[in-house]
There are 2 protein chains.
Amino acid sequence: MTKVTAVSDSHLSGVAIWRRIADAVRLDIVGGKLARGDKLAGEVELAERFGANRHTVRRALQALAAEGVIRTEQGRGSFVDSAKRLSYRIGKRTRFSEGLAGQASELRRQVLGTRLENASASVAAALGLVSGAKVTRLDTVSLADGRPVSRATSWVGYRDFPEFAARFAEEQSTTAVFAGLGVSDYVRASTRISARHADAEETALLKLAPGAILLVSEGVDADVDGRPILYGLSRFPADLMELVV
Amino acid sequence: MTKVTAVSDSHLSGVAIWRRIADAVRLDIVGGKLARGDKLAGEVELAERFGANRHTVRRALQALAAEGVIRTEQGRGSFVDSAKRLSYRIGKRTRFSEGLAGQASELRRQVLGTRLENASASVAAALGLVSGAKVTRLDTVSLADGRPVSRATSWVGYRDFPEFAARFAEEQSTTAVFAGLGVSDYVRASTRISARHADAEETALLKLAPGAILLVSEGVDADVDGRPILYGLSRFPADLMELVV
DNA sequence: TCAACTTGTCTAATGAACTAGACAACTTAG
DNA sequence: CTAAGTTGTCTAGTTCATTAGACAAGTTGA
C-alpha cells in the first residue's frame with residue numbers, strides 16, 4: 001500500500017536493496033503479472049517506485065539478466081525473458097515426473113548417490129524406527145529442460161528393505177524398486193511444507209544465486225497397511241516452483 | 001557437506017553474512033535441532049564453523065536476541081529462548097483456528113477492514129468471474145498468543161454475495177456468514193503454495209525483521225456443487241510456521 | 001534530421017559490512 | 001584463589017553498497 005520506505009532500512013535488514021528490488025521484479029514475472037516479452041518500466045521509473053538510486057536499480061536488473069529472467073537492450077529497455085513458475089503437484093500418489101507432467105519437455109533425475117547411514121532423530125521418528133537404526137539414503141537432483149528444479153533426499157529403513165540401494169542402482173525408479181520388493185502400492189501419508197534460505201551445497205547443486213529461497217517439502221510414504229516405508233525431503237527453488245496440493 | 005565457503009561470496013549474494021548466519025542458527029532452533037534452554041556453540045566456534053569473523057557472528061547473535069530467539073549471558077554463552085515452529089493444518093475443510101488448535105493458548109483474528117474492489121486477473125480467474133467484476137475484499141491478521149502468525153486476504157464475488165461485508169462486520173466468522181447466506185458447507189478446492197520475501201506492509205503487520213521469508217498459500221473454497229465462492233491468499237512467516245497437508 | 005527517451009559508463013563521496021587484533025569483564029571448574 | 005573459557009568493548013583498516021551528477025551511445029517516432 002505505502003510506496004515510501006518500500007525498500008529502506010537496508011542497515012537493519014542485512015539484505016541489500018538491489019537484491020530486494022531484484023526479488024520484487026522477479027516476483028512480478030514468475031507470479032504472472034508480466035508475461036514473456038513484456039517491457040519492464042524504465043530504470044528511472046523503477047528507481048522512483050522503489051525509492052532507490054538508478055544505479056541500484058541497474059544492479060538489480062543486471063542480477064536478473066545474469067539469471068536469465070530478463071534481457072536488457074541499450075536505448076530500448078528491459079524485457080521479460082522467462083516463463084511462469086512451474087507447478088509441482090502433491091497428492092496421495094505423488095510420483096516423480098508426474099508432478100511436472102506437461103510443463104517441461106524434458107525431465108531428468110540425476111542420482112548423486114546412495115549410502116547407508118544411521119537414522120537421525122527426525123528420520124527415525126518419520127519411519128517409526130529407533131534413533132540410530134540403519135537406513136539407506138538416496139540423494140538426487142531433478143532437472144526440467146536441463147535446469148535443476150529440485151534437490152531430494154530419501155531415507156528407507158534398511159531392516160525392511162536391505163536390497164533397496166542395490167536394486168535402485170539398476171532400476172532408477174523408486175516405484176519399480178518397491179514393486180520388486182513386494183510393495184505393490186504406496187501413498188503419501190503426510191506432508192509438511194516450510195521455507196528457508198538455501199545453504200551452500202544446495203546453492204551449488206541447484207545453480208542458484210546465494211541467498212535464494214527454497215520451498216521445503218517433507219513427506220512420508222506408507223504402504224497399503226499404513227506402515228511408513230519412505231521418508232523424503234525435497235527442496236525446490238521458490239523462484240522457479242510452486243507446490244499445488 | 002563442504003564446510004569452507006559455507007558463507008562466503010557475500011558480494012554476489014546481496015545478503016549480509018551476519019544475516020545468513022542468523023538464518024542458519026534460527027533454522028537449527030525452529031527446526032528442532034536445538035531445544036529451549038540448550039546452549040549454543042561459543043562465538044569463536046561459530047565463527048570457525050561459518051568461516052567468518054567473531055564480530056560478524058556476534059552481530060548475527062544480537063539480531064537473534066532482538067527477535068527473542070536466543071538470550072546471551074556474559075561469561076556463560078548464548079541459550080535458546082523460543083519454541084519450535086507452529087504447524088498449520090491444511091485440508092479439505094480448512095477453517096481458521098482449527099489449523100492451529102492445541103498449539104497456542106490464545107488465538108485471535110484482527111480484521112483490518114473490508115472493501116469493495118474490482119477483481120484483478122488472478123482473483124477473477126480463481127472465482128470464475130470476468131476480470132474487473134466487483135468483489136468484496138477482506139483483510140485480516142491472525143495472532144497466536146499475541147504474536148502475529150498470518151496475514152490473510154480473502155475475496156468473495158459481490159454479485160453472488162452482496163451482503164458479505166455487512167454480515168461479516170457482525171458475525172466475524174466466514175463460516176457463519178456463508179451459513180447465513182445459504183451456503184451450509186464449503187470445502188477447499190485447490191491450494192497453491194509458494195515462498196518469497198516479505199514486502200514492507202507485511203513486514204510491519206507481521207512484526208518481522210526486514211527481508212524475512214514468507215510461506216504463501218493461495219486457495220479456493222467451493223460450495224458443495226463445486227462452484228468457487230471464496231479466494232484466499234494467506235502469508236505465514238516461514239520462521240514461525242510450517243504447513244501440514 | 002531532430003528531439004525525446006532509453007540504457008551504458010565514468011567519477012566521487014559516504015556509510016555499512018567485514019576483518020583483525022587486543023584486552024576487559026564475567027563464569028565455572030578445579 | 002586460580003586458570004581456562006566465555007562474552008563485552010575498543011581501535012583500525014579494507015571492501016561493498018548506495019547515492020549523486022554528468023555525459024556518451026543507442027532507439028524511436030515525428
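Both backbone and side-chain heavy atoms feed into the values below; hydrogens, waters and symmetry mates do not.
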**Nucleotide nearest B:Gln74 (side chain, heavy atoms from C-beta), chosen from C:dT7, D:dT7, C:dT19** = D:dT7
Got a donor-acceptor pair under 3.5 Å from the side chain of [X] to the base of [N]?
{"X": "B:His55", "N": "C:dG21", "result": "yes"}
{"X": "B:Arg76", "N": "D:dG5", "result": "no"}
{"X": "A:Arg54", "N": "D:dG21", "result": "no"}

Please report, rounded to the nearest Å, how far the [atom2] atom of [N] is from the [atom1] atom of [X].
{"X": "B:Glu48", "N": "D:dT6", "atom1": "CD", "atom2": "P", "result": "11 Å"}
{"X": "B:Arg59", "N": "D:dG8", "atom1": "CZ", "atom2": "C1'", "result": "17 Å"}
{"X": "A:Arg71", "N": "D:dT27", "atom1": "CZ", "atom2": "C1'", "result": "15 Å"}
{"X": "B:Trp18", "N": "C:dT19", "atom1": "CH2", "atom2": "P", "result": "14 Å"}
{"X": "A:Gln62", "N": "C:dG8", "atom1": "CD", "atom2": "P", "result": "8 Å"}
{"X": "B:Arg19", "N": "D:dA17", "atom1": "CZ", "atom2": "P", "result": "16 Å"}
{"X": "A:Asn53", "N": "C:dT14", "atom1": "CG", "atom2": "P", "result": "16 Å"}
{"X": "B:Arg20", "N": "C:dA17", "atom1": "CZ", "atom2": "P", "result": "14 Å"}

salt_bridge([X], [Y]) N-O dist < 4.0 Å:
{"X": "B:Arg151", "Y": "B:Asp139", "value": "yes"}
{"X": "B:Arg196", "Y": "B:Glu202", "value": "yes"}
{"X": "A:Arg137", "Y": "A:Glu117", "value": "yes"}

Pairs under 3.5 angstrom only: tabulate donor-acceptor contacts from the side chains of residues 60-71 of chain A to other protein residues two or more places apart or in another chain.
{"from": "A:Glu67", "atom 1": "OE1", "to": "A:Arg26", "atom 2": "NE", "distance (Å)": "2.9"}
{"from": "A:Glu67", "atom 1": "OE1", "to": "A:Arg26", "atom 2": "NH2", "distance (Å)": "3.4"}
{"from": "A:Glu67", "atom 1": "OE2", "to": "A:Arg26", "atom 2": "NH2", "distance (Å)": "2.8"}
{"from": "A:Arg71", "atom 1": "NH1", "to": "A:Glu73", "atom 2": "OE2", "distance (Å)": "2.8"}

**Message:** Check the phosphate of D:dG8 against B:Arg58, side-chain N and O only, distance under 4.0 Å to OP1 or OP2. Yes or no?
**Reply:** yes
**Prompt:** Does A:Thr56 put a side-chain nitrogen or oxygen below 4.0 Å from OP1 or OP2 of D:dA17?
**Reply:** no
**Request:** Using side chain to side chain contact (heavy atoms under 4.5 Å, CB included) as the criterion, point out the one residue from B:Asp239, B:Thr203, B:Asp199, B:Leu206 that pairs with B:Leu214.
**Result:** B:Leu206
